[in-house]
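Input: a single structure, listed below in structure tokens.
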Amino acid sequence: MRRTPTHRALPWLVPLAVPLAVPLVPWLGALVQRAYLSPFGVRPALGGDGPGDIQAGLWVLCVFVASALLPVAYLGWMRFLAPSLRVRGPWLSWAPAVTLGIGTGMVFSLLILHTAVSTGAENRALAASGRDIPEYFGVSAEYACVEPTSREAPYYGTPPPPGSPVVIFGQSGDRGEFWDPATKQKTGIRPEDARIRVVPHSDSACGEADR
């Protein structure tokens with residue numbers, strides 16, 4: 001990149017890109033968590049920003065930057081070796097390399113989201129078989145017994161089962177969202193309309209939930 005406009009712009013482009021990427025990291029992390037929870041039909045809990053989504057966002061951002069720089073690095077070496085190799089052509093210009101790099105970065109980023117969806121589907125199968133769900137980039141599941149405080153309590157989806165635990169990922173908005181391993185369906189209810197007691201395993205007995 002010596003003696004090129006890109007070389008002259010890099011000293012101020014790189015410091016400028018760093019603060020722009022700061023708010024992008026938690027947003028990318030939230031995308032990964034949302035993709036992971038999509039097989040369960042629930043959303044990430046509001047205000048759940050923490051090390052998990054920061055780690056996921058940094059992972060996506062690093063993969064995107066590394067993938068985007070591969071064609072640029074290849075072009076740089078080809079330009080360096082072009083005089084000795086005596087090669088010429090439009091493929092030695094920067095525009096195709098940058099375009100290919102951005103496209104490659106987006107493909108690998110989408111692959112991470114696809115992997116998150118696949119992992120969520122696998123963990124959903126684990127929950128349905130009565131096994132514990134491992135944590136995934138800060139998203140951890142708990143088994144909980146839900147006892148409605150009134151027969152007229154508004155449900156969103158199927159009513160929570162009275163005798164078996166459900167999977168809960170935390171409160172989202174003004175309701176608690178659960179996933180029932182027995183019926184493989186989502187349940188939602190307002191927290192003030194139910195008593196919730198966390199239990200250690202999916203086969204734990206559900207008595208009266210603690211107040």
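Residues Ile112 and Leu69 share a single hydrophobic cluster, defined by chaining ILVMFWY side chains whose heavy atoms lie under 4.5 Å apart. The same ILVMFWY cluster, assembled from side-chain heavy atoms under 4.5 Å apart, contains both Leu31 and Val65. Under a hydrophobic clustering in which Ile, Leu, Val, Met, Phe, Trp and Tyr are joined whenever their side-chain heavy atoms come within less than 4.5 Å, directly or via other members, Val117 and Phe108 fall into different clusters. By the criterion of side-chain heavy atoms lying less than 4.5 angstrom apart, applied directly or through intervening Ile, Leu, Val, Met, Phe, Trp or Tyr residues, Trp27 is grouped together with Ile54 in one hydrophobic cluster. Following chains of ILVMFWY side-chain contacts shorter than 4.5 Å, one cannot reach Leu126 starting from Leu37, and the two form parts of different hydrophobic clusters.
Interatomic distance, CD of Gln185 versus CZ of Phe178, reported as 15.0 Å (0.5 Å rounding). One distance of note links OH of Tyr36 with OG1 of Thr115; it measures 13.5 Å at 0.5 Å rounding. The CG atom of Leu110 sits 6.0 Å away from atom CG of Leu113, with the distance rounded to the nearest 0.5 Å. Taking CD1 from Ile189 and CD from Glu177, the interatomic distance works out to 12.5 Å, rounded to the nearest 0.5 Å. The OG1 atom of Thr119 sits 6.5 Å away from atom CG of Asn123, with the distance rounded to the nearest 0.5 Å. For the atom pair CG (Leu28) and SG (Cys62), the distance works out to 10.5 Å, reported to the nearest 0.5 Å.
Scanning all heavy atoms of the two residues, the minimum distance from Pro165 to Pro181 falls at O-CD, 3.6 Å. Of all the heavy atoms in Ser164 and Cys206, the pair that sits closest is C-SG, 3.7 Å. Across every non-hydrogen atom of Pro200 and Tyr143, the tightest pair is O-CD1, 4.3 Å. Of all heavy-atom pairs spanning Gly29 and Ala56, the tightest one is CA-CB, 3.9 Å. Across all non-hydrogen atoms, the minimal contact from Lys184 to Ala128 is CE-CB, 3.7 Å. The two residues Gly120 and Pro39 have their closest heavy-atom pair at C-CG, 3.7 Å.
Counting heavy atoms from C-beta on, the side chains of Val42 and Lys186 come closer than 4.5 Å. By the 4.5 Å heavy-atom criterion applied to side chains, Leu70 and Thr104 are not counted as neighbours. Looking at Trp179 and Arg124, their side chains come closer than 4.5 Å, going by heavy atoms from C-beta outward. No side-chain heavy atom of Asp53 sits under 4.5 Å from any side-chain heavy atom of Val32.
Judged by distance alone, with hydrogens and angles left aside, the side-chain atoms of Thr149 form a donor-acceptor pair with the main-chain N or O of Asp193 at under 3.5 Å. No donor-acceptor pair under 3.5 Å is formed between the side chain of Glu142 and the backbone N or O of Val167. Between the side chain of Arg195 and the backbone N or O of Glu147, no donor-acceptor pair lies under 3.5 Å.
In this structure, Phe169 has its ring center under 6.0 Å from that of Phe40.
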